[in-house]
2 protein chains.
Amino acid sequence: MGTTDAFGLELGNLPDMLTIELRMGQILAEKAFSTISHTQVSPGLFMILTLIRNNPGQKQASLARSVQLDRSTMVPIMDHCERQGWVQRQPFPGDRRAHAICLTSSGVELVEKLEQDARKLETQVTAAMGKQKRDQFLTLLKEFQQALLAGSQVEVSS
Amino acid sequence: MGTTDAFGLELGNLPDMLTIELRMGQILAEKAFSTISHTQVSPGLFMILTLIRNNPGQKQASLARSVQLDRSTMVPIMDHCERQGWVQRQPFPGDRRAHAICLTSSGVELVEKLEQDARKLETQVTAAMGKQKRDQFLTLLKEFQQALLAGSQVEVSS
DNA sequence: TATTGTTATACTCTATAACTATA
DNA sequence: TATAGTTATAGAGTATAACAATA
């Protein structure tokens, strides 16, 4: 009767729920990304590194808030990045409690490599969906995030 | 210069990558869903239970493939659902290796409760984005998944 | 030979609570 | 009092490898 998936299972009203479809889309996208990029870097870490590159000198806690992580979760992530030589913790001007997080040049290189991988995936998706739809999709994805942040569903603790 | 997020951080070209935006969207959606639904059930489990409801009597392995999980990962999930009284493992007609997975009536009730919660979230998103955009977003989300499954990026092992 | 369910095991990601040093 | 970073700890969620039963 209804829609079936790639394995012949009945999806019923599953495809009518944004939460579920979003989850499925993200799972597929992460698998595709890790197939293309042979780095050990997850999309989650990719996001954090890009955020640091675009905002050098931020506090760990600010970065954590931006990606919806607890600040304690950020500690082992930064430890790992520092050990790999991708980021540096520097003194934060005017606040001796805080660290200013920056990318090293090797971190910048890594981000650029990952961006290239991401672009490969984008190219494949664009080829399959068409450029107009792909762009439209990205636009709506951003509006969807705005909608969630605007509602009281997700806290925007500053 | 560029776009900034809710916390004032520069996003740079981050918003131009589907993988990243999808990830962020999904994180926000899961937080919103768990704020609305006070069940202990994650969107991931919600998806699995709905799939079982729509496809009663499937093998564990088929369900696992459909949601992109290893079949060994499915074992503790089904154990948990069985202990909670949501699903039953029954003999699979014609294959004595397999189990036929079905929802109990209490499992059906749970799924209906979760669907109600999901609809609440949909209503809030629709109010913020507008119905047309929300529907368009869902359509494109499905096409995006198709694009990934169609490409060789994600294995469709049968 | 291949598949189904399972076990044992380990790895990743994340959060909570409590501590310290600053602010 | 509140915030930044940290530690210790615990809980999800997931995968790999190997096994027995069955196809």
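Note that the structure is predicted; figures quoted are calculated from it, not measured. Reminder, nothing fancy here: chain letters follow the sequence lines and each chain counts from 1. We use all heavy atoms of the structure for the numbers below, so side chains are in, but hydrogens, waters and symmetry mates are not.
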- [ ] Measure from CD on A:Glu82 to C1' on D:dG5 and round the result to the nearest Å.
- [x] 12 Å
- [ ] Write down the atom of B:Leu22, the atom of A:Leu22, and the distance for their closest heavy-atom approach.
- [x] CD1-CD1, 3.9 Å
Open item on the list: Please determine whether a side-chain nitrogen or oxygen atom of B:Gln40 lies at a distance below 4.0 Å from atom OP1 or OP2 of D:dA12.
Closed with: no
Open item on the list: Treating primed atoms plus P, OP1 and OP2 as sugar-phosphate and everything else as base, which nucleotides of nucleotides 17-23 of chain D get B, S or - for protein heavy atoms under 4.0 Å?
Closed with: B---BBS
- [ ] Answer yes or no: is there a donor N or O on one side and an acceptor on the other, between the side chain of A:Thr123 and the main chain of A:Arg119, under 3.5 Å?
- [x] yes
- [ ] Provide, to the nearest angstrom, the distance between the CD1 atom belonging to B:Ile48 and the C1' atom belonging to D:dT14.
- [x] 11 Å
TODO: Not counting sequence neighbours, list each pair that qualifies as a salt bridge (Lys or Arg N to Asp or Glu O under 4.0 Å) and has a residue in residues 33-47 of chain B.
DONE: none
TODO: Please state how far atom CD in A:Gln60 lies from atom P in D:dT3, giving the value in whole angstrom units.
DONE: 17 Å
Task: A:Arg134: salt bridge (charged side-chain N to carboxylate O under 4.0 Å, His left out) partners, not counting sequence neighbours - done: A:Glu122
Open item on the list: Given 3.5 Å as the limit, does a donor-acceptor pair link the side chain of B:Ser34 with the main chain of B:Lys31, or not?
Closed with: yes
Task: Nearest atoms (heavy-atom pairs only) where A:Phe46 meets A:Val111 - done: CE1-O, 4.4 Å
Task: Positional range of nucleotides in DNA chain C within the contact set of chain A, heavy-atom, under 4.0 Å - done: C:dC13 to C:dA23
Open item on the list: I'd like to know if the side chain of B:Thr139 and the backbone of B:Asp135 have a donor-acceptor N/O pair within less than 3.5 Å.
Closed with: yes
- [ ] Rounded off to whole Å, could you give me the CD1-to-C1' distance for the A:Ile27 and D:dT14 pair?
- [x] 11 Å
Open item on the list: Is there a side-chain contact (heavy atoms from CB on, under 4.5 Å) between A:Arg89 and A:Met78? Walk through the geometry before answering.
Closed with: CA-CA 8 Å; A:Arg89 287 168 161 118; A:Met78 287 301 100; 3.4 Å; yes
TODO: Let me have DNA chain D in dot-bracket notation, would you? Count Watson-Crick plus G-U wobble pairs, both distances under 3.5 Å, and use [ ] for pairs crossing earlier ones and | for inter-strand partners.
DONE: |||||||||||||||||||||||
Open item on the list: Is it the case that atom CD in A:Gln116 sees more than 12 heavy atoms from other parts of the structure closer than 6.0 Å?
Closed with: no
Task: Interatomic distance where CE belongs to B:Met74 and C1' belongs to D:dG13 [whole Å] - done: 13 Å
TODO: Assign each of A:Leu69 and B:Pro76 to its nearest nucleotide of DNA chain C by heavy atoms, then name whichever residue's nucleotide is nearer the 5' end.
DONE: B:Pro76
Open item on the list: Strictly distance-based, threshold 3.5 Å: is any side-chain N or O of B:Thr104 a donor or acceptor partner for the main-chain N or O of B:Gly85?
Closed with: yes
Task: Spacing of B:Asp79 atom CG relative to D:dG13 atom P, expressed in whole Å - done: 14 Å
Task: Integer-rounded Å distance: D:dA12 P and B:His80 NE2 - done: 8 Å
Open item on the list: Show me the pairs that pass ring pair (Phe, Tyr, Trp, His ring centres under 6.0 Å) and involve residues 50-75 of chain B, at least two apart or across chains.
Closed with: none
Open item on the list: Rounded to whole Å, please give me the gap between CZ in A:Arg65 and C1' in D:dG5.
Closed with: 13 Å
